[in-house]
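Let me begin by presenting the structure, written as structure tokens, before commenting on it.
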Amino acid sequence: MPGFWLMKSEPDEVSIDDLARASRQTVPWTGVRNYQARNFMRDAMALGDGVLFYHSSCAEPGIAGLAEVASTAYPDASQFDPASKYHDPKSKPDAPRWLHVDVKLRRKTRLLSLREMRTLPTLSTMRVLQPGNRLSITPVTPAEWQAVCALLD
DNA sequence: GCCAACGTTGGC
DNA sequence: GCCAACGTTGGC
């Protein structure tokens, strides 16, 4: 049984269209600087897990496509790049603090907006809809995954 | 741009 | 280990 996840991306950084245009339609999920989110990638994600690709911090936040986990976790190179906004001077190459997985597009979908998601009882348990939620990566239950996929058909 | 929620930092 | 100050997230 694969796992399921919701992963937030700011479309100004990486949008669903950027993912579609990327080499092999795959991108490294760089820039996670939160331990809970990192631990999900390191400890709980598996190759082939389903990903709801979510656009955040934009005019129309919501789910913009379906993707999947395309690698196991490996060190995020941007933490060692002084020119990167994700640079972490406290992280050492022999003990990388930040990891990420690769994410590969399955298909772009219609935008299932946050506004619409909030109206649907079947989605009401989703972590991303809970008040105060800020985590950029959250687990999704099989039932929630099925409910979202049904809405995107 | 506001601001509520939450994570991180660092003095003690 | 507590907790106040500070920084970040992200919808609105």
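No experiment lies behind these values; they were computed from the predicted model shown. Each chain gets a letter, A, B and so on, in the order its sequence line appears, and its residues count up from 1.
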[X] [atom1] - [N] [atom2] separation (whole Å):
X	N	atom1	atom2	value
Arg134(A)	dT8(B)	CZ	P	9 Å
Asp12(A)	dG10(C)	CG	C1'	13 Å
Asn133(A)	dA4(B)	CG	P	18 Å
Lys90(A)	dG7(C)	NZ	P	13 Å
Tyr35(A)	dC6(B)	OH	C1'	16 Å
Leu129(A)	dA5(B)	CG	P	17 Å
Leu135(A)	dG10(C)	CG	P	9 Å
Asn34(A)	dT9(B)	CG	C1'	15 Å

Could you tell me whether Gln36(A) contacts a base, only the sugar-phosphate backbone, or nothing, with contacts defined as non-hydrogen atoms closer than 4.0 Å?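 Result for Gln36(A) = sugar-phosphate.
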Classify the nucleic acid contact of Arg118(A) as base, sugar-phosphate or nothing, counting any heavy atom under 4.0 Å across all strands shown.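 Sugar-phosphate, backbone atoms only, no base.
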Is any side-chain heavy atom of Glu10(A) closer than 4.5 Å to a side-chain heavy atom of His55(A)?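 No. Closest side-chain heavy atoms not under 4.5 Å.
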In terms of side-chain heavy atoms of Ser136(A), which of dG10(C), dG7(B), dG11(C) is nearest?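 My answer, after comparing the listed nucleotides, is dG10(C).
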Which nucleotide in the set dA5(B), dG10(C), dC12(C) lies at the smallest distance from any side-chain heavy atom of Lys8(A)?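 The listed nucleotide nearest to Lys8(A)'s side chain is dG10(C).
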Should the ring pair Phe40(A) and Trp5(A) be called parallel, tilted or perpendicular, given that the plane angle runs from 0 to 90° and is split at 30 and 60?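 Tilted: the ring planes of Phe40(A) and Trp5(A) meet at 30° to 60°.
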For Ser91(A) and Gln79(A), work out which heavy atoms get closest and say how close.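 Where Ser91(A) meets Gln79(A) most closely, the heavy atoms are OG-OE1, 2.8 Å.
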Donor + acceptor pair across side chains of Ser78(A), Asp76(A) (<3.5 Å):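 On atom types as modelled, these side chains qualify, holding a pair under 3.5 Å.
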Any donor-acceptor pair under 3.5 Å joining the side chain of Arg33(A) to the base of dT8(C)?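 Not at all, since no donor on one side and acceptor on the other fall under 3.5 Å apart.
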